[in-house]
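Pasting in a structure now, in structure tokens, and then I'll have a few things to ask.
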2 protein chains.
Amino acid sequence: MASRPKATILDIAREAGVSKSTVSLVLQGSDLIRPETALKVRKAIEDVGYVYNRGAANLRKAHSNVIGMVINDLTNPFFAEMAVGMERVFQSAGVVPFIANTAENPVRQEELLKSLMEQGVAGLIVSPARGTTPGAFRRIEMAGLPIVFTMRRLPESRIPVIAPDNHRGAWLATAHLIGKGHRRLAFFGGSSDLVVYHERLGGFREACEALGIAKRDTLVVEGETSRKGGIACLETALAMAEPPTAALCFNDAVAFGVMLALRKRGLEPGADFAVVGFDDVIEAQHYMPALTSVAVDSAGLGERAAHVMLKMIQSRTTRAEDHIGAVNLVIRDSCGPDRRAGMGDAA
Amino acid sequence: MASRPKATILDIAREAGVSKSTVSLVLQGSDLIRPETALKVRKAIEDVGYVYNRGAANLRKAHSNVIGMVINDLTNPFFAEMAVGMERVFQSAGVVPFIANTAENPVRQEELLKSLMEQGVAGLIVSPARGTTPGAFRRIEMAGLPIVFTMRRLPESRIPVIAPDNHRGAWLATAHLIGKGHRRLAFFGGSSDLVVYHERLGGFREACEALGIAKRDTLVVEGETSRKGGIACLETALAMAEPPTAALCFNDAVAFGVMLALRKRGLEPGADFAVVGFDDVIEAQHYMPALTSVAVDSAGLGERAAHVMLKMIQSRTTRAEDHIGAVNLVIRDSCGPDRRAGMGDAA
DNA sequence: CCCTATAAATGGAACGTTCCAATAAATCAA
DNA sequence: TTGATTTATTGGAACGTTCCATTTATAGGG
């Protein structure tokens, strides 16, 4: 049970009465080896409890079969789903994805990226932590390692990005609210250090402008991208002189918080105040009332990112095109018409 | 931008005008090197864009600084939280945890374990996939690699386990329901191929027996451990001649499903039918009504598992004690008294 | 029986580190 | 001055693979 010296291909060779080269070939499934010999070797491998040493192999072979995925928040089911989508693709390509979680901490992110590189990964898929500095990926680019960003984009960077069409999603959601007769709209949650925030807010603003909502009838409240943040946003909004009657939320978590806060005040989400979420996580459909949300197909984006990465590795390039995923407004029960205005059109 | 040959310590040595040994010592932060020399070397390292090759190093150094965590379902926030707890501990110990997701697939699990071992991890923390065969970890044990299980236990295995006190949790929850006056109780969800299932069901049964509930007044419905499973369980139960008035659910997801299904039938969870969950995921407190659930402190268990692992690595042993984590019944709004029986005691 | 072609197996150098033993330089006690 | 001690640096073997260039065995053609 003690840690006996590990078996190597030399031990196998001795056991099987062949040379180490032969063992190596068997391990690689070469057809240069006579089947009976291969069998003998495989038996020896089993007998000595051999564990392949990929580190030693990579010393000669240049590139490994593992890619690293660095995720900013694993407890957000949205990212977890994306990770699962990627795994599906990588698995069938014989690539092993190792996941690491930065918990939105750029320092931690730096450490993990370093570690992954030292480990000799073949590529990196990263959903950058909030507050990542633009230079954080210079070393990786210098090393010529394939890398793609998912979900989030960095201000000035040539690294390919796989992300949903945030602008359009926000536009659609906002138009939906306006179509329901709402005239005073809010955008809740998120903070301006995220590019995603500007994309979604931009869609919101453009839709308002295009559909005749004056800027002074819109309200933007920054806040944490969590239930707690949503609660805070709603409190702020309802404290205003002329509060909004509907809100587009930065993401579903914020929307859940808003609905919770409404209930706590005796208001019914949907009927008394319309709310739209973003991301369409699984829970959205199970809430009471079910949440209208912008579906971004996180698993699909994960798959896409994985495919792009495989292509990059295969073609030994470090460049790839951005991919902006289609979004889809899923209408449920959280957006009634504006009650105060004389009945808007009921869709 | 093309993949130039990677820089090695020899390149650094040449650049800095020292020997490779000196560079190696600098990399390890040895105090045998004159500070000025170290500075010179560090500059060279920066200049050539050097990336440390841990695979090569491990060839001599025996043990690495990475440990693998193999999780059965990353999209379950419960496991994600546990993973995050572990990460906290490992980070401060300078150990890098790589996470891999089996998605409850034993074959996938086997592949991942193999890969992790080949990568030369220092230890393994595993939450086994459903249907894992007892022999799946023989190779790992043979290799003398430290391994601990979390949350789930395998039928006959000497591998240390870090898990919540499922039996007691179920007992407490059941006693709570009985205390509320319920006399016909159900256990919903889960399947008997999981040891956890037997532990929780066992607690349920013992509490019933100890507190005077006849076996024929209890109902056990197996089912998926998901919302969907919960919905199905409730349908089955309400179709019976004398349906139960309360249920302990295998986990929170099942409980959510049960509440959903109750609503769909026009019944109010808590008032018309009492339901208790298990795990106490974050959403439990945000549901309507807030779910009474057995809190298992997943992050804490994760931390504990990480500590045990560190200890094992440090003391070069492959043995450790099991750790059964305390549980805590969190009473919220999903369990009113039995209405049909003449008012039980109101807690 | 020799020559060539094919199949099967092998030895050895190389990969990028670590670490031991050895060297070189500087300091000190006598 | 000499030898001993300390400080700073270095060469070289070793780690477990891969893969090229060889060798050995087997078969086929004349």
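Just so you know, these numbers use all the heavy atoms, side chains as well, and skip hydrogens, waters and symmetry mates. Throughout, a chain's letter reflects where its sequence line sits, starting with A, and its residues are numbered from 1. The shown structure was predicted, so the numbers you read here are calculated from the model rather than taken from an experiment.
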Does the distance from a Lys or Arg side-chain N to an Asp or Glu carboxylate O, for A:Asp322 and A:Arg153, drop under 4.0 Å? yes

Any Lys/Arg nitrogen of A:Glu110 or A:Arg139 sitting under 4.0 Å from an Asp/Glu carboxylate oxygen of the other? no

Per-nucleotide protein contact along nucleotides 9-21 of chain D, 5' to 3', at a 4.0 Å heavy-atom cut-off (B base, S sugar-phosphate only, - neither), is SBBBBBBBBBB--

Take the angle between the ring planes of A:Phe98 and B:Phe98 and call it parallel below 30°, perpendicular above 60°, tilted in between. parallel

Side chain to side chain donor-acceptor pair (under 3.5 Å): which pairs involve residues 66-83 of chain B, sequence neighbours left out? B:Asn72-B:Glu104, B:Asn72-B:Ser127, B:Asp73-B:Thr75, B:Glu81-B:Ser298

Please say whether more than 12 non-hydrogen atoms of neighbouring residues, nucleotides or ligands are located less than 6.0 Å from NE2 in B:His323. yes

Residues A:Arg138, A:Glu141: salt bridge by 4.0 Å N-O rule: no

Roughly, in whole Å, what's the span from CD1 in A:Ile12 to P in C:dT10? 14 Å

Just the table, please: protein N/O against nucleotides 21-25 of chain C N/O, every pair under 3.5 Å.
none

Flag the pair A:Leu25 / A:Thr22 as yes when at least one side-chain heavy-atom distance between them is below 4.5 Å, and no otherwise. no

Could B:Arg42 and B:Glu46 be called an ion pair, given the rule that one side-chain N must be under 4.0 Å from one carboxylate O? no

